[in-house]
Amino acid sequence: MSLRALLLTGGGLVALLASVAVPVTIGPADISTGDVWASVAAHLGFGEVG
């Protein structure tokens, strides 16, 4: 994989993650970005929501 493709893939993943976390945290709910990631991890089976 070329450096350009690697950078584009990495940048795309960062943009995807930000597009999930930012709208949730600035929406009507009063939760932090950490709460968003904890919930996502729990739904994927990597942790607990507590």
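- Under the side-chain contact (heavy atoms from CB on, under 4.5 Å) criterion, Leu44 pairs with Val40, Phe46, not counting sequence neighbours.
- Here CG of Leu13 is found 11.0 Å from CG of Leu8. Values are rounded to the nearest 0.5 Å.
- In this structure, the side chain of Ser39 does not engage the main chain of Asp35 through any donor-acceptor pair within 3.5 Å.
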